[in-house]
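Reading through the structure tokens given below for one structure.
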Amino acid sequence: MSMGDTIQVLNRMVEDRVIQRYAIGGAGAALNYVEARFTRDIDILVTFQDTRPSRLVTLGPIVSYLAELGYSEWEDEGLLIEGWPVQFLPTADSLDLEALDRAVEVEEDFGSGTPVKTWVLAPEHVVAVAVRTGRPKDVIRIGDFVEQEAVDLTRLLDVLKRHHLLDRWAELCRKTGRPDPLALIDKP
């Protein structure tokens with residue numbers, strides 16, 4: 001059971017039109033850009049075929065589809081797919097939609113022995129979502145991206161501005177006692 005096997009199931013969900021698009025976010029996406037940290041699950045940002053605006057989103061079609069394939073066991077908030085708990089996170093706002101639109105296509109074996117294609121959030125969106133969420137593990141992830149120079153700060157600044165997250169960014173910098181690396185960027 002590898003992450004690659006899990007991704008193959010996710011790709012099948014797109015082919016079978018259970019979900020329209022997906023991209024790996026959170027720690028799973030960070031693995032593509034920064035030194036690896038442990039992750040117990042895979043966060044998947046998803047959209048559905050029916051794109052009508054709605055405040056209520058049901059994961060019923062995903063759960064039913066996966067149950068038919070034999071995936072019905074839950075671990076914490078994730079549905080176990082090939083041994084990995086997968087959290088399906090419907091896009092909730094303009095940041096999520098933009099992050100999914102600008103996801104980066106990658107092809108790796110992810111431990112399966114066979115190359116598999118998937119999408120991961122771009123570095124500036126991984127960091128912006130972490131800023132929005134602001135949990136302790138998100139603050140660590142933000143620090144990893146900045147310290148390892150895995151995010152283009154100019155692009156990050158643009159994303160944070162567009163999604164009104166500059167105040168949250170500044171607050172996280174204050175709380176951690178770190179100097180604000182965005183303060184060094186020439187702002188038009």
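Computed from a prediction, not measured in an experiment: that's the story for all the values here.
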D41 and W84: CA distance, side-chain angles, deciding distance, side chain to side chain donor-acceptor pair (under 3.5 Å) verdict: CA-CA 6 Å; D41 63 1; W84 281 89; over 6 Å; no
Show the numbers, then the answer: is there a side-chain contact (heavy atoms from CB on, under 4.5 Å) between Y33 and V127? CA-CA 11 Å; Y33 307 110; V127 174; over 6 Å; no
Between E171 and R168, does a salt bridge (Lys or Arg N to Asp or Glu O under 4.0 Å) hold up when you go through it step by step? CA-CA 5 Å; E171 181 63 25; R168 290 194 76 154; over 6 Å; no
Could you walk me through whether I42 and T6 satisfy the side-chain contact (heavy atoms from CB on, under 4.5 Å) test, starting with their C-alpha distance in whole Å, then the side-chain angles of each, then the deciding distance to 0.1 Å, before giving a yes or no? CA-CA 9 Å; I42 305 172; T6 304; 4.0 Å; yes
Given the rule in the side-chain contact (heavy atoms from CB on, under 4.5 Å) test, do V159 and H125 qualify, once you have shown the distances and angles that lead to the verdict? CA-CA 7 Å; V159 171; H125 289 99; 4.0 Å; yes
Just do the side-chain contact (heavy atoms from CB on, under 4.5 Å) check on Q8 and F110 with the steps written out, would you? CA-CA 10 Å; Q8 289 175 355; F110 296 98; over 6 Å; no
Begin with the C-alpha distance, continue with both residues' side-chain angles, and end with the deciding distance and a verdict on salt bridge (Lys or Arg N to Asp or Glu O under 4.0 Å) for D101 and R21. CA-CA 9 Å; D101 258 358; R21 294 184 297 177; 2.6 Å; yes
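Side-chain atoms of N11 and V116, non-hydrogen and from C-beta on, do get closer than 4.5 Å to each other. In this structure the side chain of I142 reaches within 4.5 angstrom of the side chain of W169, judged on heavy atoms.
Separation of atoms CG (N32) and CD1 (I24) is listed at 7.5 Å; rounding is to 0.5 Å. Atoms OH and CD1, from Y71 and I81 in turn, are 7.5 Å apart once rounded to the nearest 0.5 Å. Put simply, NZ on K161 and CG on L166 are 7.0 Å apart, with the number rounded to the nearest 0.5 Å.
Across all their heavy atoms, L121 and A23 have their closest contact at CD2-CB, 3.8 Å. Closest approach of P85 to E75, counting heavy atoms only: CG-OE2, 3.5 Å. L100 and L45 make their closest contact through CD1-O, 3.7 Å (heavy atoms, listed as atom of the first residue, atom of the second, distance). Of all the heavy atoms in L165 and A128, the pair that sits closest is CD1-O, 3.7 Å. Minimum heavy-atom separation, L182 to L153: CD2-O, 3.5 Å. Residues V146 and P181 share a closest heavy-atom pair of CG1-CG, 3.9 Å.
Linking ILVMFWY residues whenever their side-chain heavy atoms come closer than 4.5 Å, directly or via other members, places W74 and L66 in the same cluster. Under the 4.5 Å side-chain contact rule for hydrophobic residues, I185 and V151 share a cluster. When hydrophobic clusters are built by joining Ile, Leu, Val, Met, Phe, Trp and Tyr residues whose side-chain heavy atoms come closer than 4.5 Å, directly or via intermediates, V14 is grouped together with L79. Follow the hydrophobic side-chain contacts under 4.5 Å out from L69 and you never reach L80; the two are in separate clusters.
A salt bridge links R135 with D138: at least one charged nitrogen is closer than 4.0 Å to a carboxylate oxygen.
A side-chain contact (heavy atoms from CB on, under 4.5 Å) with I44 is found for exactly one of L10, L89, I62, I7, namely L10.
Atom CD of E35 has 12 or fewer neighbouring heavy atoms from other residues, nucleotides or ligands inside a 6.0 Å radius.
Counting only residues at least two apart or on different chains, the side-chain hydrogen bond (donor to acceptor under 3.5 Å, both in side chains) pairs with a member in residues 146-155 are E147-R178. Sequence neighbours left out, the pairs with a member in residues 82-95 that pass salt bridge (charged side-chain N to carboxylate O under 4.0 Å, His left out) are D93-R132. Evaluation of the side-chain hydrogen bond (donor to acceptor under 3.5 Å, both in side chains) test over residues 110-124, restricted to residues two or more places apart or in two chains, returns Y22-T118.
Under the 3.5 Å distance criterion, the side-chain polar atoms of D5 are matched with a main-chain donor or acceptor of S2. For T91 (side chain) and L97 (main-chain N/O), no donor-acceptor pair under 3.5 Å exists by modelled atom type. Panel note: side chain S64, backbone P61; no donor-acceptor pair is recorded below 3.5 Å.
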